[in-house]
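Encoded as structure tokens, the structure appears first; notes follow it.
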Number of protein chains: 2
Amino acid sequence: MDKQKEILAAALKLFVEFGFHGTPTSKIAKEAGVANGTLFHYYPTKDDLITSLYVSIKLEMSAFVETQSPKNHDYKAQFKNQFVNALHWAMAHPNEFQYVQQFYNSPYAALLQSEILQEQMQKTCGEIQLAIDSGIVKRLPVDYIFTLLSSHLFGLNQYLKNANLPVSKQKVVITETFELLWDMLT
Amino acid sequence: MDKQKEILAAALKLFVEFGFHGTPTSKIAKEAGVANGTLFHYYPTKDDLITSLYVSIKLEMSAFVETQSPKNHDYKAQFKNQFVNALHWAMAHPNEFQYVQQFYNSPYAALLQSEILQEQMQKTCGEIQLAIDSGIVKRLPVDYIFTLLSSHLFGLNQYLKNANLPVSKQKVVITETFELLWDMLT
DNA sequence: ACTTTTACCGACTGATTAGTCAATCTAAAC
DNA sequence: GTTTAGATTGACTAATCAGTCGGTAAAAGT
């Protein structure tokens with residue numbers, strides 16, 4: 001693993017455990033096994049590291065969901081795949097998902113303006129719009145549906161994290177939740 | 001307003017704007033119009049201030065929801081009142097609600113063990129359990145239903161904050177969302 | 001009246017921190 | 001073989017910050 005990735009991995013681990021406030025750059029560098037200066041070679045400021053880590057994680061997650069969810073003309077199957085895969089990723093990467101929430105609900109989120117992430121969100125919203133136009137999904141504001149989907153994702157993740165179910169049971173709950181959600185939206 | 005409340009108000013404003021990391025205790029004291037030492041007279045450490053602020057906000061919110069939602073033997077009306085009132089409070093106190101999210105998703109949440117808050121959560125879960133036992137709500141894990149309700153609350157709040165609707169329209173959306181949610185759970 | 005406790009002040013400090021910089025290393029290009 | 005550009009180092013610093021402390025004023029208790 002190259003040093004830049006080591007730095008991101010170390011930052012993720014420490015930020016999730018101790019928060020932005022509680023983790024000095026020096027500790028990140030030490031955890032990553034690089035010199036202090038190396039960190040600032042790749043990320044000119046701590047804020048830069050914090051936002052870059054967020055973007056990097058979001059892109060990783062989207063890449064996973066996209067590759068695992070084959071294009072499908074059945075809207076329900078399409079959304080279900082994406083929902084299920086996003087949850088599987090979240091369960092398999094608890095630190096990463098926790099960081100996304102931590103960052104998103106912190107004032108750092110305001111600093112961020114990433115065209116790539118915005119583009120990605122608009123792509124999802126576009127798919128929702130298509131499902132609405134085809135008459136399958138209720139005629140509600142796209143942003144609203146997007147929010148409901150996200151909330152369920154976060155909420156279900158939280159529940160699964162606390163309720164230590166066996167993986168097989170987890171998959172059942174995930175599927176059932178999606179069915180409830182889909183009924184609600186159609 | 002007494003000095004202790006001034007300190008909490010100042011801390012809220014600054015934490016939401018600049019984060020835990022970005023707001024020194026000295027700035028909080030200045031914003032509150034008190035001396036540096038006074039802050040530490042009431043809150044022995046910064047961590048203490050951060051968690052106390054969270055508890056204080058949660059209690060305020062619960063108090064509002066409780067007083068505004070009269071005891072009701074119709075489960076649906078009871079949950080609807082609580083859901084609607086919680087949202088109204090959130091819309092009327094955006095900083096407070098933002099802080100709750102910020103704190104809850106940060107590592108500070110792990111530091112907190114407040115019996116009062118835990119008691120409060122168990123009370124809500126008890127009400128859910130009653131609704132399940134009576135056969136009105138689907139036989140799902142209580143934690144799961146609680147999580148779904150909370151997620152919707154957070155999600156809908158986020159949507160309403162972004163989509164600047166007139167208050168009348170807001171109320172319609174809130175009611176409709178609850179109906180969707182209730183249909184899903186029954 | 002007097003004693004004790006509590007509220008409040010603000011200058012002060014030891015420790016910590018983000019970020020710098022001059023020097024060294026590496027490896028590819030010419 | 002030499003040059004060059006980027007990667008890497010770690011000692012260093014100026015600034016900042018959480019928390020202290022000795023002291024004053026005002027309640028509260030007796």
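Predicted model only: the values in this text are computed from it and were never measured.
In this structure, A:Tyr54 and A:Phe103 have parallel ring planes: the angle between them is below the 30° cut-off, well short of the 60° mark. Relative ring orientation between B:Phe20 and B:Tyr99 is described as perpendicular, the plane-to-plane angle rising above 60° on a 0-90° scale split at 30° and 60°.
Taking atom CG of residue B:Asn36 and atom C1' of nucleotide D:dT20, one finds them 10 Å apart after rounding to whole Å. If you take NZ of A:Lys30 and C1' of D:dT8, they are 18 Å apart, rounded to a whole angstrom. Rounded to an integer number of Å, the gap from CD of B:Gln4 to C1' of C:dC9 is 17 Å. Distance A:Glu6 CD to D:dA7 P: 17 Å, rounded to the nearest Å. Look at NZ on B:Lys27: it is 6 Å from P on D:dC17, rounded to the nearest Å. Rounded to a whole Å, the CZ atom of B:Phe20 is 18 Å from the P atom of C:dT17. Put simply, CG on B:Leu39 is 14 Å from C1' on D:dT20, counting in whole angstrom units. Between A:Ile28 atom CD1 and C:dT17 atom P the separation is 11 Å, expressed in whole Å.
Side-chain atoms of B:Val34 lie closest to C:dC9 of the nucleotides C:dT17, D:dA18, C:dC9. Checking C:dA11, D:dT8, C:dC8 against every side-chain atom of B:Lys3, the shortest atom distance belongs to C:dC8. When the nucleotides C:dT20, D:dG19, D:dT9 are ranked by their closest atom to the side chain of A:Phe40, C:dT20 comes out on top. Nearest to the side-chain atoms of B:His41 among the listed nucleotides D:dG19, C:dC8, C:dA18 stands C:dC8. Candidate nucleotides D:dA11, C:dA18, C:dG10 were compared by shortest atom distance to the side chain of A:Lys46, and C:dA18 ranks first.
For an aromatic pair to be called close, the ring centres must be under 6.0 Å apart, and A:Phe97 with A:Phe154 satisfies this.
With contacts defined as side-chain heavy-atom distances shorter than 4.5 Å, the pair B:Ile145/B:Ile132 qualifies.
Among the atoms of the strands shown, only primed sugar atoms or phosphate atoms (P, OP1, OP2) are found under 4.0 Å from some heavy atom of A:Tyr42.
Side-chain nitrogen and oxygen atoms of B:Thr25 include none within less than 4.0 Å of the OP1 or OP2 phosphate oxygen of D:dC17. Taking 4.0 angstrom as the limit, A:Thr38 places a side-chain polar atom (N or O) nearer than this to OP1 or OP2 of D:dT9.
When each of A:Lys123, A:Met61, A:Lys71, A:Gln82 is paired with A:Glu66, the side chain to side chain contact (heavy atoms under 4.5 Å, CB included) condition holds for A:Lys123 and for no other.
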